[in-house]
There are 2 protein chains.
Amino acid sequence: MSGKTVLIVDDEPAIREMIAVALEMADYECLEAADAREAHALIIDRQPDIILLDWMLPGTSGIELARRLKKEETTADIPIIMLTAKVEEDNKIRGLEVGADDYITKPFSPRELVARLKAVLRRATPPGIDAPIEVDGLTLDPSSHRVAANDSFLNVGPTEYRLLQFFMTHQERVYTRSQLLDQVWGGNVYVEERTVDVHIRRLRKALGERHDYLIQTVRGAGYRFSTQPA
Amino acid sequence: MSGKTVLIVDDEPAIREMIAVALEMADYECLEAADAREAHALIIDRQPDIILLDWMLPGTSGIELARRLKKEETTADIPIIMLTAKVEEDNKIRGLEVGADDYITKPFSPRELVARLKAVLRRATPPGIDAPIEVDGLTLDPSSHRVAANDSFLNVGPTEYRLLQFFMTHQERVYTRSQLLDQVWGGNVYVEERTVDVHIRRLRKALGERHDYLIQTVRGAGYRFSTQPA
DNA sequence: CCCCAGTGTTACAACCATGTGACAGGTGTT
DNA sequence: AACACCTGTCACATGGTTGTAACACTGGGG
C-alpha cells in the first residue's frame with residue numbers, strides 16, 4: 001500500500017514507540033533514532049520518505065539537524081515534520097524557517113499525526129507534476145490550474161478541481177467517500193461524508209452533460225471515474 | 001473497516017475475552033473456541049481470516065491442530081499466530097516448523113498483538129486480493145467494482161456483487177444458506193434463509209444464460225460455484 | 001402416481017443510498 | 001460596508017435495493 005518509510009527522531013523511547021505503533025497501523029514502515037547522530041546515520045543509510053523530528057534533542061537540537069538536512073542536497077527534499085511540547089509561536093516560525101514542512105505540538109492524537117503526515121507526503125510528492133491530463137475532450141492542466149472541455153474553460157471551484165484531479169489521476173477505480181475525504185480534503189479535517197456527494201454533484205454540473213458520465217456512482221461503495229459508461 | 005474475522009483458540013475464557021475485546025476495538029470480528037474440536041468446527045463453518053492459536057490445549061494440542069490445518073488444502077492458507085506462555089526457543093522453532101506464520105509469547109500487550117496480527121494479515125494477504133477474477137469469460141474486478149461478461153458490463157446490485165465475489169473466491173465448494181448469510185451478509189444480521197434463494201436468483205438473472213450455470217443448486221445442502229456443469 | 005419437502009419465481013412495501021436545491025457562515029476583494 | 005465566491009450541512013425528493021410472503025414448480029420417496 002503506502003510502503004513509505006518514516007524516521008522518528010525523539011529521545012523518549014515511549015514516545016517513539018507510541019508514534020511507531022500508530023504509524024504501523026497506518027501501514028508505514030518505521031525507523032527510530034534517539035538523537036541527531038543516530039538520525040543522520042539512518043537517513044543516509046535507509047533514505048526515509050519523511051522525518052518526524054523532535055524539537056528538543058540531547059546534543060544537536062532538532063532544529064539544528066533540520067537546518068543541516070535542508071542544506072545538503074541529498075537530503076534537502078526529504079519532508080520534515082517538527083514535533084514540540086512547547087506552544088510558542090516562536091518555535092513554529094523558526095521551525096518553518098529552516099524548512100520544516102509541518103509542525104505538530106504535543107500532545108497530539110495518533111490520528112492527527114497520521115493525517116498530517118499523509119498530507120505532507122502527498123503534497124511533497126510531485127509525480128508528473130504538471131502534465132495535462134486529457135480524457136474524451138476533457139482536459140485538466142495542473143500548470144495553469146484550469147479545466148477545459150473541447151476548448152472552452154470550465155468554471156470549477158478549488159475543491160472540485162482537486163476532486164477532478166484526483167479522479168483523473170486515479171481512473172477506473174472505486175473510492176469510498178471516506179477515501180475521497182482522505183485523499184482530496186486531507187484527512188485531518190472532519191466533515192460529513194455526505195459533503196462528498198455535494199461536491200460530486202457540483203463537479204458533475206460543472207462538467208456538463210457532455211462529460212458528467214465520467215463520474216459514476218457505485219451504489220453501496222462510492223464513486224468511480226471511468227471513460228467506460230456504467 | 002477491516003471486517004476481518006479472527007478465531008481465538010485458548011482454553012482460558014478470560015484470555016479469550018481479553019483478546020477479543022482488544023481485537024474488537026480494532027474492528028475485527030472475533031470467534032472463540034476452547035479446544036481443537038470447537039476450533040475445527042468454527043474454521044469449517046465460518047472460515048476465519050486468521051487464527052490465534054494457544055500452544056497448550058486440552059486434548060489435541062495447538063501445535064497438532066496447526067499441523068493438521070496446514071495439511072488440509074482448504075485450510076492451509078489461513079494464517080496462524082501461535083500463542084504460548086513458555087519462552088522456549090524449541091517451541092518457537094517447532095511452531096514455525098508446522099507452518100505458523102508468527103509467534104507471540106505471553107504475556108503480550110494488546111497493542112503488540114494487534115500490530116503483529118495486522119502484519120501477518122498484510123504479509124499473508126495475497127497481493128492478488130485486488131486482482132480481477134476471471135472464469136469462463138466472466139470477470140469480477142474488485143478495484144473498479146465491476147462485473148463483466150466477455151466485454152459488456154453486467155448490472156449487479158451490491159448484495160449480488162458481494163455474493164458473486166464470495167463465490168468466485170470460493171469455487172467448487174458447497175455453502176449452506178446459513179454459511180452464505182454469515183459470509184456475505186455479515187454474521188450478526190437476522191434474515192430469513194430463503195432470502196439467499198432470492199438473491200441467488202437475482203444473481204443468476206444478472207449473469208444471463210451464458211453464465212448462470214456457474215451457480216449450481218445442491219438440493220438439500222445449499223449452493224456451489226463451479227465451472228463444471230452439474 | 002401422488003405427495004411433500006425443497007427450490008424457483010414473482011410481486012411488493014419498506015427501507016436506504018443518493019441526487020438535488022437551498023441556506024448560512026466564512027473569506028477575501030473592492 | 002457591500003459584494004462575490006466558496007464551503008459544509010441540512011431537508012426533501014427520488015429511485016434503486018432489500019427482505020419477505022405467496023405461489024408455482026421440481027424431484028425423489030413411498
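Lettering of chains follows the sequences in order, A, B, ..., and the numbering in each one begins at 1. From a predicted model like this one, the values you see are computed outputs, not experimental measurements.
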Atom-to-atom span, CZ of Arg219(A) to P of dG15(D) - whole angstrom: 11 Å

When you measure from the side chain of Val198(B), which nucleotide among dT18(D), dT9(C), dT7(D) comes out closest? dT9(C)

Reckon Thr159(B) has a side-chain N or O less than 4.0 Å from the OP1 or OP2 of dT17(D)? no

dist His145(B):NE2 -> Gln216(A):CD (nearest 0.5 Å) comes out at 13.0 Å

Over 60° means perpendicular and under 30° means parallel, so classify the ring planes of Phe225(A) and Phe167(A), tilted if in between. parallel

Minimum-distance nucleotide (side-chain atoms of Asp197(A) versus dG19(C), dA17(C), dG19(D)): dG19(C)

Please report the distance, rounded to the nearest Å, between CG in Leu181(B) and P in dT20(D). 9 Å

Name the nucleic acid region contacted by Val218(B), choosing base, sugar-phosphate or nothing; use a 4.0 angstrom heavy-atom cut-off, strictly under. sugar-phosphate

Rounded distance in Å - CD (Glu192(A)) to P (dG8(D)): 11 Å

Rounded interatomic separation in angstrom, taking OH from Tyr161(B) and C1' from dG16(D): 18 Å

Distance criterion of 3.5 Å, no angle test: do you see the side chain of Arg202(A) paired donor-to-acceptor with the base of dG19(C)? no

From the candidates dT9(D), dG8(D), dT7(D), the one with an atom nearest any side-chain atom of Arg162(A) is dT7(D)

Separation of His199(B) atom NE2 from dA21(D) atom P, in whole Å? 14 Å

When all nucleic acid strands are considered with a 4.0 Å heavy-atom cut-off, which category describes Thr195(B): base, sugar-phosphate, or nothing? base

Distance alone, cut at 3.5 Å: any donor-acceptor contact between the side chains of Arg202(B) and Thr159(B)? no

Donor/acceptor link under 3.5 angstrom from Arg194(A) side chain onto base of dG19(C): yes

Rounded to the nearest 0.5 Å, what separation is found between the OG atom of Ser143(B) and the NE2 atom of His170(A)? 12.5 Å

Mind checking Tyr223(B) for me? I need base, sugar-phosphate or nothing, with any heavy atom below 4.0 Å counting as a touch. sugar-phosphate

What integer distance in Å separates Leu203(A):CG from dG19(C):P? 12 Å

State, to 0.1 Å, how close Asp49(A) and Lys4(A) come at their nearest heavy-atom pair, and which atoms those are. OD2-CA, 3.4 Å

Could you state the CG-P distance from Asn155(B) to dG15(D), rounded to the nearest angstrom? 16 Å

Counting any heavy atom closer than 4.0 Å, what does Glu193(B) reach on the DNA or RNA strands: base, sugar-phosphate only, or nothing? nothing

Which whole-number value in Å describes the distance from Trp185(A) CH2 to dG8(D) C1'? 10 Å

